[in-house]
Each structure stands twice: as structure tokens, then as C-alpha cells.
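Report on the structure given below.
Naming: A, B, ... by sequence-line order, numbering from 1 per chain.
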Amino acid sequence: MSTEMPKAYDPKDVEPRWYAFWIENNAFRADPSPDDKRPVYVIPMPPPNVTGALHMGHALMTTIEDVLLRHKRMQGFNTLYQPGIDHAGIATQTVVERILRAEGKSRHDLGRPAFLERIWQWKAKSGGRINDQQRVLGASADWPRLKFTMDPDMTRAVREAFVRLHDEGLIYRATRLINWCSDCRTALSDLEVENEEGAQGEMFQFAYPISQADGGGEIVVATTRPETMLGDTAVAVHPDDPRYKHLHGKRLRHPILDREIPIITDSILVDPKFGTGAVKVTPAHDFNDFATGKRHKLEEINILELDGKLNANAGKFAGMTVKESRKAVKKELEALGLTRGTQKHALSLPRCQRCETVVEPMISTQWFVQMKPLAEPALQAVNDGRTVIIPAEWKKTYDHFLENIQDWCISRQLWWGHQIPAWYCGACGEVTVSRDDTVDKCSKCGSDKMRQDDDVLDTWFSSALWPFSTLGWPDQTDFLKKFYPASDMETGYDILFFWVARMMMMGLHFMGEVPFRRVLLHGLVVDENGDKMSKVKGNVIDPLDLIYGASFDQVVAKALPGAPPGDALTRFKKAYPSASQLGTGFPAFGADAVRFTLCSYSPQAKRIALAPKRIEGYRNFCNKIWNAVRYSMTYIEAVAVTEAPPPATALANRWILSRLISAVEASTKGIDEFRLDDASGALYHFFWDELCSWYLELTKPVFLAGSEELKNETRAVLAHAIQVAVRALHPFIPFISEELWHRVPRAVGMPDTVSLARYPTAIDGRLDAAAEADMQIVQNVIVAARTIRAEHEVHPGAEIPLLLRAADPSVRELLAREMVSIRTLVKTQGDPQIEPAGSPRPRGSVMSVAGPVEVLVGLSGLVEGAREKERVQREIKKVEKDIVVTDKKLSSPSFVDKAPAEVVAETRTNLEALRRKRTQLDEALAIADELG
RNA sequence: AGGCGCGUAGCUCAGGGGUAGAGCACUACCUUGACACGGUAGGGGUCGGUGGUUCGAAACCACUCGCGCCUACCA
């Protein structure tokens, strides 16, 4: 390792060095051996989609999880960060179909085996990209354990789960209404349907003629989907609605199709106050109507083909799309003189989460999981605290979901995925469900005319098994025994239902134990305005551009491909106002800065508004760390560091060793409580504001002119503090900390990689309340003197005479001991004079009050009295305001009587101090007067 | 329609019964021997509104306005 350190930190130079080093050192490997007695810490990584490229959401998830993992690893836990990739059924199939289409082919041209072959080829080529990018971010996953949800062992687990659930009657096949996406050509679960709020629609009214045999007349119904009338099998009214009492049991003539349909009465479906109080009933294409149809045993007439076009049941409208038929049906009704007006109507449109096609409810035979029996234990587990959800607000959402859960449609009409392990007998129709690859004989009649179900399972079915399938289930492997249940499941709140709840259910069902102890939920990364990142908006940021740097031309070309660069840039800067301050693009902030930034956001924020400018601040922090070490190296290179904190007698040394404790404890507490913002903030504050701004500055006069003894002590403490800080920071900024670990001296026995070094605790510092209190006085004195300098625009290079007066002899002793520090940091002319309170002062000085110390700065000739008077009067105003507030409080009898005694006492002390200060400021004012 | 959450400094956000905090931005001065990706000092908020509880409210409660998100959905 070269000892030279460049003046500026360059992440591009440092970061690429370390990942391979960690891998070589097996730093991230989990040990399944039963002999390993270390406590265990496990996070199953939410497997990114095989289709995807790293986006900010992945960066956030990877960072947070990696911080948790690295922290626990350093604390001596046997850690497993279980990595994976998800096969992402619909998304992946769509991607490969798009490639095929470019070649002028469809998947049907290839046939199922050849098509799947193509997907596997594609996966082999571009499937691992996200994992590579996670490495750039520093993810400390146990990569050799990487699982793909379609791996043979994962598939075996899926089949096992399916067969068991089926045998238990929890998986069943049924014909019912499901959500159908005609573009993806598959059924969807309820969760995969997104409702577009406030879509502008139209309420169309038309009349059903009453059969002549029943006396003629008409009944008016309303609909937002007129074409569904082709599937109507009844019109319903409320049984108690007087307007329609005379029509109960009468029959209607379908105006377009040659059939009669009944008028039925139904108090569940019909709200007599809404519209005309008469509802057309289309059991095959509406969820409420479907239920109504079951109640009244109505015929279910499906009018749709799988491609979304109308079928033969629609008569002459067959072959039209929904949109075309809607128009045509309206026209036809118009021609028949049956239209009864329209009105605007806001509705929510169900759209396919994946492709945004409007989803149609359709009757279909599918496989379902019965959820109620599975949901109950999952609710219970969170209620009794076996699994804790953090932030806790999400528990209500979780409860609500599970309490109202519907059965889960798990079959998908796709080719890419786990094919359903069910075989149908061509002879007797028996369904055989099996763990085997093939079933050639019917279990019932022995026929060999067996055909496997063409459909595949919902991708989330395999994901639900993730915490144990990845560990070898159904086999009782060492891994499963040791690493189930996981410690933390960390993921975005948006997949609480999709994934977390389902893992809870499956984990409890198959393992008899919760799949993880805690659920940690983070927010969505959005742009600076709070808008979701999307290709449409052109506000997507590629994390790699932040890490490696990129010109805005490059950034925008990715954010809004194909758009004129000028427009794209305008939109981008609108989404990220702070980006304008970054010049022509993102500099290479480095992975550490990106990580630290992501950790600095509160996890309870639902939206994490990414401000590129903020990353710059943390890049600067990395540079600060770099330079602090660069400075320190001059003095500490040869220090023989011990693990225990070295002896310290000097105030600054005692102080920094004491402050170290607050920093590392706050860091650990923050990480443990999933408050990475607090943890990272505490370390940032410690390093910059305490270690750099005060401690390093205080070491300078020592190294310049201190005694050998003091120099040695300071070298040892500095080396210790730096080395502890590097360890404390490592989970957040693994790269720079590893680099520095190899530069700074470290204790004998500490590992060669900081990633395996012990995370600092209170034993790495030495609590010293007296030192902290004394230091506080010294700091206040220095700041007071500096303030006077700055207010009077004394040139920073100029030296000023300083007189310190204190009533308390121990304070005077303290000041005398710290004379060199004060002299250096204030830049005084000679040594500051230290006198008792009330001692005479030189003419032409100004005064400030710093706690128990009066700070007098000789400014004779440097300053006008008027200006000083202004300054003092400003201070007087502040103090007086405080006095008024405090006095008012204390003069209120109710406060003195009812407030806690210690609060009253504290307020009294406060008031005394304020009054004393007020008196002293009077003197300061008098002094200012002397300046003329 | 229900549920959840948010509204605090110009911006992004912490905090949370005892006289307001951070980062960035801003102002002034400074290239001082780690760092200008820096230093020192400073300005800036009646904590969305109204009412209540309390000795004391930015914090707790009620209502209200504005904004998000989620779930359900009236044809």
C-alpha cells in the first residue's frame, strides 16, 4: 500500500480496489456448521427481477440491507445475506417476446420449448446484471449461494408447496370471475390490478322493453360499459322499491339479442337511491353481478375471447374489440330508440399493473389458494409480536389486508414460470397433482392419456417460499436449521401485500414458525418534487451515473430516450431543481457517498425525494474523512495501537475518547432500531464537528510545540480515535473505510479487512463527564472570542489580545491549563491573561460572556464603539427576551405549584444565569462606550 | 366511501409537553501547513388554520383546509 495520499479523495481510484479483496477473504460467507456457535443474523435479499437494471429503489434496498449486515458481521454474528434473482413471469416473457417481434416472430411460431430455450439464453446473457451492479454498491451478499427462482431446487420447493397445499385442500381449481388482461393474455390476481382513479367516463342510460306478454312498458338501466349488455341475464330492482313493485317477476325482452331475461329483486346489489334504481346484471363480467348471479342462479354468458374481442355470444358484434363494440351497441340502441341519455361520470379504471391495459372481469377456470386459514396465523404472529413490523404504522395496513383477504388466483396463462404440477386424464377427467416431472398414468383409471396443465404459477407463489426455499427446504439442511427464521426482512412498503404477507403465511404454514423476526419497510425513491421516477416523466436516475459520474447529456438520454435533448434536460432539471447547481452533470460521487446519502433519509418517510445536491454533501464528507486521515498519518504512522483506548491526561484527549462513546453508541442504537438516519447522522456529526473541527485543530499546537510526553499521548489517542472511527463508519461507507483501514495503524490481532473487525462499543472510549464539561467551557470561550473577531471584521491572520475573567478559581485553572489551545484557536497576541472577576481591564477592549467566563478582546483602534454597541445590544435584546419569558413563567403560581420540581428548579437556575449575563452585558455596553 | 400518512427556515427533511434543529442554499470575511469537496462567523421559522386539554402545546385531542398513498367501489 502506497503511503502517499492524494490531496483530494477520488472514489474512482479507491472503490474498485476492494470488492475482490473481500471476496478473496471470504468476508461474506455464512457458516452453516452446527459447531459454529456465533449468533446468527440473516437477511434474505428481495430478489430483483431478472429483466431489470439497477434503479434507485434497488440501490436503497441494497444499501440499507448491507449496512445492517455489515454492522452485525462486525459485531461477530454469523451473517447470511442471501442473494437472489426473480424470474418475474410476465415481465420477462414480455421482454423476450418483444425481442422476437423485432425478428418478426411470435412465441407461437417457436412453440413452447423453443421459446423457453430463448428466455434461458436471454437470461444467461443479461440476467446477472443487477447483481454486478449491487457489487458496485458494496453489497456483502453470500454470492455463491445465489438463487434464481427457477433453479431446480427452487422448483422442487414450489412443487412441494403446491402439492401439500393441494392435499390439504388449500389449493383448489374453480371456475369463477377473475381479472383478465387481454394484452398479457393471462389471469391476474387482485393485487396485480391497479385502479386508475378519477378516470373520465360516461354513465349511459338505456331502456329494457318489458315483454308484451307481461304488459309492455320499459325499465331504464344505466351502465358505464354499454357493451356488457350483450351478456346481461337479468335486471335487478330493490324488493322494497315502490316504483318497481308491479314489475316483480316480469320478463324483459333483450333489445338486441333474441332472448328474454327476468326482473329480479335483490337488496344487496341494488341501492334504490342510486340512478334509476334498476341495475342490469352481467354475471360473467362484473364482480357484483357475478355474486348476484350465484344468488339467483342466473345464466353466466361470457361475451369475450381471450384476446379481448367479443365472441359469438355477442351476435353480430362478434370480432369487435371492447371499444368498437361499445360504440356499435350504443348506436344500435340509439337506432332502436332505447337510449335514455348520458351523463359524465368519474370512475376508476382497473388496469394491468404490467402493461396498463384495461382489465376485464371474465369467467374462467383457474387455480386458487384459499387464504383465510393461512391469513389467520399470519395476523396472530404479528399481533403477539413474534414478528415486528417497523415502522409500526404499517401494522394496521398489514392487519387490514389479512382481515379482508380474498382467495388468491395463482394460475397464469404464460409459458415462463413454474408449470402447474397438475395432470388431467383424457379418459376419466381425474386431476392428478404430483411432485414428479411427469405423470404418465392416471391415478384413478390408469389411463396413459395424461396432459399437464399448460399454465404456470404466479411469480409471487415462488417468492412466498423464499426465506426457506433458498435454504434447501423441503430438506432439513444445515442451512435451513441455522438460518431460518431470518432476522430481518427489509423491503419496500409497496410489496407488503405482494410479498411480505405471503411469506408470513407460507412460512408459518410450512415451517411452523415465522419467516423473519422483523419486517423493516422503507419508502419509495422519488424525484426532488416527490414524483415517482418513470420513463414517461423523464426523471429516472441511474445510480451508476451518480457513482461513476455522467454528463447531463448522458443522464437525460437514459431518462427520456428518443426525446430532443433540450426538452429532456428541461424536464429533468424541473424534476431535480438542485441539479442545476451541479454544472454540466453529475461528478463521480462514488458508491460510498450514494450509500451515505440513502442512509440519511428517515425510513418512515414514504417518499425519499432524492436530491443530487445532497449526495455532493456526503461526497464532501468522504473527502473530509480522507483528509483527516491524511493529516493524522503524519503523526500516527508509527504508533503501536492497542485495542484498549490509550491513557489520556490532556483535556482534548480525554474529551475525544469520551465523545467517541456517544458516537458509536448512537450509531449502534440507530442501526438496531432501523434508524440509519440517526446512526449516520451521529457519525457524520462526530467526525466532522467534533473530531475534525475541534480535536484535530487542538492537536496542531501539540504536534508543533508540545512536550514529547504530550506528543506521544496525543499520537496514541489520535491513532486510536481515527481507527475506531474508521470501523464505526465502515457499514455505511465500506470502500473508503477499507482503504483507510489499510493505511492507518491498527491493533495487533485486528483482522486484515475492516469488514471483519469488531464494531466499536463503549469499551473503545472512556467516558469522562468532567472532560466534557471542561471542554464545553473552553469551546464557549473560543467561540465567543472568534465571534467578536468576526463581527468586527478582524483579519483572520491578525492576532488579538485576550483577557479572560472568571470568578471561579477552578475555571481559571482550567483556562490556564488550556492556554495553548485557546491561544491557537482564537489566534491571540501572546498568552491570554486570566484574572478573577471584576479585575481591571485594558482600555479599548470589548466583552462577551461565555458561561462562567468573561471574554475580553482588545480591539483598540480596530473597531468603532458604535458597531460594538450594536453587537452588545443585539445580545441584550436576546437575553432580555429570555428573561421576560422565564420570569413570567416563574411568577405564575400555577407553574411553581404544578410543574415538576426539577423543571422549576432548572428554570430558576436558568433565570439566575440570564440575570447575571444581563448585568455583565451592561458592563460590555459601558466598555463599548469607551471606544467612542 | 373507508384506512393510513403528511403539512416545521428559500429547498429537502429530522424532532416531539418545558422558550425551535440538520443538510443544502444565502450573507460577510479568509487560499491559515489535512481538506476551497475547505475555514470562521452570521441572517432566516408566530412549526397549515380554528378550538380544546394542560401550570405550559410546534408536540396531545377535536374539528377544518391543503396534499399524498393504499384498500374497496354504485350499476
Is any side-chain nitrogen or oxygen of A:K613 closer than 4.0 Å to OP1 or OP2 of B:A25?
yes
Relative to each other, are the rings of A:F497 and A:F401 parallel, tilted or perpendicular (30° and 60° limits)?
parallel
Can you check the distance between B:C4 and B:U40, where both ends of the measurement are the C1' atom (answer in whole Å)?
47 Å
Which dot-bracket string describes RNA chain B (Watson-Crick N1-N3 plus N6-O4 or O6-N4, or G-U N1-O2 and O6-N3, all under 3.5 Å; [ ] crossing; | other strand)?
(((((((..((((....[..)))).(((((.......))))).....(((((..]....))))))))))))....
Under a 4.0 Å threshold between the charged nitrogen and the carboxylate oxygen, would A:D677 count as salt-bridged to A:R675?
yes
Can a donor-acceptor pair be found between the side chains of A:T282 and A:D232 at a distance below 3.5 Å?
yes
Over all strands shown, is A:R675 touching base, sugar-phosphate only, or nothing at heavy-atom distances under 4.0 angstrom?
sugar-phosphate
Using a cut-off of strictly less than 4.0 Å between a heavy atom of the residue and any atom of RNA chain B, enumerate the qualifying residues of residues 224-236 of chain A by number.
A:T224
B:G2 C1' sits how many Å from A:K396 NZ, rounded?
14 Å
In terms of ring plane angle, is the pair A:Y9 and A:W626 parallel, tilted or perpendicular, where the classes change at 30° and 60°?
tilted
Got a second to check how far A:E906's CD is from A:T886's OG1, nearest 0.5 Å?
11.0 Å
Determine the interatomic distance between C1' on B:A22 and the same-named atom on B:C61; round to the nearest Å.
30 Å
In terms of the nearest nucleotide of RNA chain B, which residue is placed more toward the 5' end: A:S894 or A:F274?
A:S894
In whole angstroms, the gap separating C1' of B:C4 from CZ of A:F497 amounts to 10 Å
Measure from the side chain of A:S602, starting at C-beta and using heavy atoms only, and say which of B:U71, B:A14, B:A75 lies closest.
B:A14
Would A:R915 and A:D887 pass as an ion pair if we require N to O under 4.0 Å?
yes
Check: residues 577-590 of chain A side-chain donor-acceptor pairs under 3.5 Å, at least two apart:
| unit_1 | atom_1 | unit_2 | atom_2 | d |
| --- | --- | --- | --- | --- |
| A:S578 | OG | A:E528 | OE1 | 3.0 |
| A:S578 | OG | A:E528 | OE2 | 3.3 |
| A:S578 | OG | A:K613 | N | 3.3 |
| A:S580 | OG | A:P577 | O | 3.3 |

salt_bridge(A:E194, A:R351) N-O dist < 4.0 Å:
no
C1' spacing across the pair B:A14 / B:U8, given as an integer number of angstrom
10 Å
Got a sec, which residues hit salt bridge (Lys or Arg N to Asp or Glu O under 4.0 Å) with A:D289, two or more places apart in sequence or on another chain?
none
Is it the case that A:H792 and A:E868 place a side-chain donor and acceptor less than 3.5 Å from each other?
yes
When the P atoms of B:G7 and B:U12 are considered, how many whole Å apart are they?
12 Å
Separation between the C1' atoms of B:G45 and B:G38, rounded to whole Å:
29 Å
I need the CH2-P distance between A:W499 and B:C70, as an integer number of Å.
20 Å
Rounded to the nearest 0.5 Å, what's the gap from CG on A:L610 to OG1 on A:T597? Could you check?
7.5 Å
In whole angstroms, how far is the C1' atom of B:G23 from the CD atom of A:E528?
13 Å
Charged N to carboxylate O under 4.0 angstrom, A:D527 versus A:K537?
no
Using the P atom as the reference point in each nucleotide, state the distance between B:G49 and B:C11 in Å, no decimals.
16 Å
Hey, does A:R871 have a side-chain heavy atom less than 4.5 Å from the side chain of A:I788?
yes
If you measure from the P atom in B:G2 to the same atom in B:U64, how many Å do you get, rounded?
12 Å
Closest-nucleotide 5' rank along RNA chain B - winner of A:L191 and A:H345
A:L191
At under 4.0 Å between heavy atoms, what does A:N404 touch on the DNA or RNA strands: base, sugar-phosphate, or nothing?
nothing
Distance in angstrom units between A:L610 CG and B:G23 C1', rounded
14 Å
Between C1' of B:C24 and OH of A:Y601, the distance in whole Å
10 Å
Anything under 30° is parallel, anything over 60° is perpendicular, the rest tilted; go ahead and classify A:F621 against A:W688.
parallel
From CD1 of A:I405 across to C1' of B:U71 the rounded distance in Å is 13 Å
At a cut-off of 3.5 Å, list every protein nitrogen or oxygen paired with a nitrogen or oxygen from nucleotides 17-21 of chain B, distance to 0.1 Å.
| unit_1 | atom_1 | unit_2 | atom_2 | d |
| --- | --- | --- | --- | --- |
| B:U19 | N3 | A:D882 | OD1 | 3.2 |
| B:U19 | O4 | A:T886 | OG1 | 3.3 |

Students often get this wrong, so: under 4.0 angstrom with heavy atoms, is A:R607 touching a base, only sugar-phosphate, or nothing?
sugar-phosphate
Is A:A278 touching bases, backbone alone, or none of the nucleic acid, heavy atoms closer than 4.0 Å?
nothing
Return yes if a side-chain donor-acceptor contact under 3.5 Å exists between A:T699 and A:Y631, otherwise no.
yes
Do nucleotides 29-41 of chain B as a string where each nucleotide becomes B, S or -: B if the base has a protein heavy atom under 4.0 Å, S if just the sugar-phosphate does, - if no protein is that close.
SS---BBSBSSSS
Exactly one candidate in A:V220, A:I263, A:V221 meets side chain to side chain contact (heavy atoms under 4.5 Å, CB included) with A:Y208; the answer is A:V221
To the nearest angstrom, the CG-P distance between A:D531 and B:U12 comes to 12 Å
Pick the P atom in B:A62 and in B:G5, then give their distance to the nearest Å.
12 Å
